[in-house]
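First the structure, in the form of structure tokens, and then the observations on it.
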Amino acid sequence: MMATMEPEATASTEPEATASTEPEATASTEPEAQDLFGSLPEQDEQVTARLHERLAAAAAAEGILDVAYRTVDSPLGALLLAATEQGLVRVAYPNQGHDAALAQLAELVSPRILNAPGRLDEVARQFDEYFSRRRRAFDVPVDLRLSKGFRYSVLAHLLQIPYGATESYAQVAAATGHPRAVRAAGTACATNPVPIVVPCHRVVRSDGSPGGYAGGPDAKRSLLTLEAA
């Protein structure tokens, strides 16, 4: 009701006062306002970062942080890393869309997600070592809850493929006890939520060609070349 009445009151009783006094008020207060805000200190990024870390720590301590995430730079572009209390639950390439990956986590894992880089410092360190050829195997817990049934079996087997080695999709299917499920094995690799750590890039076609990859064919070739060096 106030929103409908105010225009009438203004139109009938305040036109002269508004016309005669508002410019003066603006002229007299704007410099003071500029001086006031100009004296405020610039935002300290380090302070902001510390406050954010305290928020993340408090959320974790109170049990209201279910998924922590951060991004890391890599030769393949910025990678999104996300982890639950159980382990690394998601690694997303730039072409997969980080926002889309977080939305999926919010829907399938928990909406209580926070950018908490400190929670993933060890994972980030191991990624850096891997890309600099100082690490051949990741030593971090993995949470594979986003993959079920046969797909889970495929990912569990992928963890057994050694650094620098490859297997065909047919070999992977046979290793899971379903030798005819070659196409399904390929789908499991394509939907792997934790690429690189769960090395689906080590699965190639029977003719030796790389085949598809969630991060794109160039990313797969780069990883195979990295491990072959």
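Both backbone and side-chain heavy atoms feed into the values below; hydrogens, waters and symmetry mates do not.
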Considering only heavy atoms from C-beta outward, does the side chain of [X] approach that of [Y] to under 4.5 Å?
X	Y	result
Ser206	Tyr169	no
Glu107	Gln104	no
Leu114	Asp66	no
Val109	Arg145	yes
Ile196	Leu223	yes

Over all heavy atoms of both residues, which pair between [X] and [Y] is shortest? Give the atoms and the distance, please.
X	Y	value
Ala214	Gln96	CB-NE2, 3.4 Å
Leu155	Ala188	CD2-O, 3.8 Å
Ala175	His157	CB-CE1, 3.4 Å
Glu227	Gly164	OE1-N, 3.1 Å
Ser74	Phe131	CB-CE1, 3.6 Å
His201	Leu224	O-CD2, 3.2 Å

Counting only N and O atoms by type, is there a donor-acceptor contact under 3.5 Å from the side chain of [X] to the main-chain atoms of [Y]?
X	Y	result
Asn192	Thr187	no
Gln171	Ser168	yes
Ser147	Leu144	no
Lys220	Pro210	yes
Arg70	Pro117	yes

If you measure from CZ on Arg90 to CG on Leu105, what distance do you get to the nearest 0.5 Å?
7.0 Å
Quick one: CG on Leu159 to CZ on Arg202, what's the gap to the nearest 0.5 Å?
9.0 Å
Assess whether atom [atom1] of [X] is packed by more than 12 heavy atoms of other residues, nucleotides or ligands within 6.0 Å.
X	atom1	answer
His178	NE2	no
Phe150	CZ	yes
Arg183	CZ	no
Asp139	CG	no
Asp207	CG	yes

In sequence, state the C-alpha distance, the side-chain angles, and the governing distance for Val204 and Ser209, and then conclude on side chain to side chain contact (heavy atoms under 4.5 Å, CB included).
CA-CA 6 Å; Val204 299; Ser209 59; over 6 Å; no
Under 4.0 Å between a Lys/Arg side-chain N and an Asp/Glu carboxylate O for [X] and [Y]?
X	Y	result
Arg134	Asp128	yes
Arg221	Asp218	yes
Arg136	Glu129	no

Given the rule in the side chain to side chain contact (heavy atoms under 4.5 Å, CB included) test, do Thr71 and His98 qualify, once you have shown the distances and angles that lead to the verdict?
CA-CA 9 Å; Thr71 58; His98 293 178; 3.9 Å; yes
Side-chain heavy atoms nearer than 4.5 Å, only ILVMFWY residues, links allowed to pass through others: does that put [X] and [Y] together?
X	Y	answer
Val140	Leu120	yes
Leu81	Leu102	no
Val123	Tyr130	yes
Val203	Val198	yes
Val182	Tyr152	yes

Do the ring planes of Phe127 and Phe138 sit parallel (below 30°), tilted (30 to 60°) or perpendicular (above 60°)?
tilted
Considering the options Thr191, Val194, Val89, which one meets the side chain to side chain contact (heavy atoms under 4.5 Å, CB included) requirement together with Leu146?
Val89
Donor-acceptor pair between Tyr213 and Tyr93 side chains, under 3.5 angstrom
yes
